[in-house]
Amino acid sequence: MTTTALRHESDHDAALHRFFRDLQERYGPQHWWPADSPWEVAVGAVLTQNTNWGNVEKAITNLKRADVLPPDRILDLPIDALAAHIRPSGYFNLKASRLRNVAAWWQANAERGFDVSEPLAALRRDLLHVKGVGEETADSILLYAFGRPTFVVDAYTRRVLSRHGLVAATATYGEIKALCEAALPPETGSYNEYHALIVRVGKLHCSPTPRCANCPLAWHLSDVVS
DNA sequence: TACCAGGAGAAAA
DNA sequence: TTTTCTCATGGT
């Protein structure tokens with residue numbers, strides 16, 4: 001790698017770092033993930049796939065009211081009954097099946113005691129083997145349920161960062177995750193806040209259309225790195 | 001009415 | 001390997 005490339009990379013890291021720091025200063029702590037337990041985080045992570053969080057809250061409320069939120073209760077429920085409870089979250093047949101898969105994984109690990117010392121990469125690979133758990137869902141569970149320092153990338157992350165010239169619009173999940181993790185110290189607390197902040201600013205100002213409505217972060221456009 | 005929301009997996013190209 | 005399709009409710 002050339003010196004120029006190194007400096008370029010370092011400038012890019014600095015721009016990303018400054019971007020997240022400014023989000024933090026502007027919007028303050030976000031207090032994520034909204035859940036009463038690590039398991040509820042995992043349930044929310046599945047139910048929120050391509051779905052508005054308000055709808056997810058309705059589905060989780062249904063599960064709580066019926067007293068069937070815990071993983072063992074979910075596994076005991078007929079699939080149709082589970083789907084009926086989570087209906088407000090959309091894709092309910094698909095998500096009922098995915099929720100069962102995650103509950104089975106959770107139960108199996110709980111029975112032999114979650115190994116908190118397991119290397120992050122190994123735990124992540126293990127989670128990704130669960131059908132219905134993709135990269136974002138796995139990282140959300142690892143970060144917000146298990147407190148492991150893994151950066152969560154979602155549709156807002158790609159859109160917000162690419163519109164500010166900090167990642168390519170065509171970058172893959174892994175590429176964006178690697179760029180952010182290279183630029184930011186691996187700290188659970190800050191990864192927690194940064195993802196929540198991205199979602200906050202994404203909801204406020206960075207919808208697909210209209211583009212960049214009243215974006216307060218325009219100064220970062222001067223940081224564009226090609 | 002049309003669009004959007006804290007994706008993932010299968011099928012098609 | 002990359003792109004397209006399917007899954008679905010509820011708010012704006």
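Since this is a predicted model, take the numbers as computed values, not measurements. All chains are named by letter (A, B, ...) in the order of the sequence lines, taking the proteins before the strands, and each is independently numbered beginning at 1. For the numbers below, each heavy atom of this structure counts, side chains included, while hydrogens, waters and symmetry mates do not.
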Distance, rounded to the nearest Å, where [X] contributes [atom1] and [N] contributes [atom2]:
X: A/L99; N: B/dA8; atom1: CG; atom2: P; result: 14 Å
X: A/E136; N: B/dG6; atom1: CD; atom2: C1'; result: 6 Å
X: A/Y173; N: C/dT2; atom1: OH; atom2: P; result: 19 Å

Under the side chain to side chain contact (heavy atoms under 4.5 Å, CB included) rule, collect the residues that match up with A/D126, sequence neighbours excluded. A/W105, A/N109
Ignoring hydrogens and angles, tell me if any N or O in the side chain of [X] forms a donor-acceptor pair with the backbone of [Y] under 3.5 Å.
X: A/H195; Y: A/V153; result: no
X: A/Q30; Y: A/G28; result: yes
X: A/R124; Y: A/P119; result: no
X: A/R158; Y: A/A171; result: yes

For A/D154, enumerate each residue passing the side-chain hydrogen bond (donor to acceptor under 3.5 Å, both in side chains) test, keeping only those at least two apart in sequence or located in another chain.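 A/D154: side-chain hydrogen bond (donor to acceptor under 3.5 Å, both in side chains) contacts with A/T157.
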Listed nucleotide nearest any side-chain atom of A/P34, set B/dA8, B/dG6, B/dA5: B/dG6
Residues touching DNA chain C, which here means a heavy atom under 4.0 Å, drawn from residues 188-204 of chain A: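 Residues of residues 188-204 of chain A that come under 4.0 Å of DNA chain C do not exist, since none gets that close.
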Going by heavy atoms closer than 4.0 Å, what residues in residues 139-159 of chain A are next to DNA chain C? none
Could you measure between the two [atom1] atoms, the one in [N] and the one in [M], and give it in whole Å?
N: B/dG6; M: C/dC7; atom1: P; result: 22 Å
N: B/dA8; M: C/dG11; atom1: P; result: 24 Å
N: C/dT3; M: B/dA5; atom1: C1'; result: 22 Å
N: B/dA10; M: C/dT9; atom1: C1'; result: 22 Å
N: C/dG10; M: B/dG9; atom1: C1'; result: 24 Å

Looking at A/K64 and A/D36, is any side-chain nitrogen of the basic one under 4.0 Å from a carboxylate oxygen of the acidic one?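 The answer is yes: the pair qualifies as a salt bridge.
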Who passes salt bridge (Lys or Arg N to Asp or Glu O under 4.0 Å) against A/E181, sequence neighbours left out? A/K177
Where do A/Y144 and A/A196 come nearest, in terms of heavy atoms and distance? OH-N, 3.7 Å
Correct closest heavy-atom pair for A/S207 and A/R159 would be CA-NH2, 3.7 Å
Centroid-to-centroid, A/F151 to A/F20, below 6.0 Å? yes
A/W53 aromatic ring stacked with six-membered ring of B/dG6, 5.5 Å and 30°: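 So yes, this residue stacks on that base, both cut-offs being met.
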Closest-nucleotide ordering on DNA chain B, the 5'-leading residue of A/V130 and A/G54: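 This one resolves to A/G54.
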What is the per-nucleotide protein-contact pattern of nucleotides 3-12 of chain C, from the 5' end, where B denotes a base atom under 4.0 Å from a protein heavy atom, S denotes such proximity for sugar-phosphate atoms only, and - denotes neither? ----BBBSS-
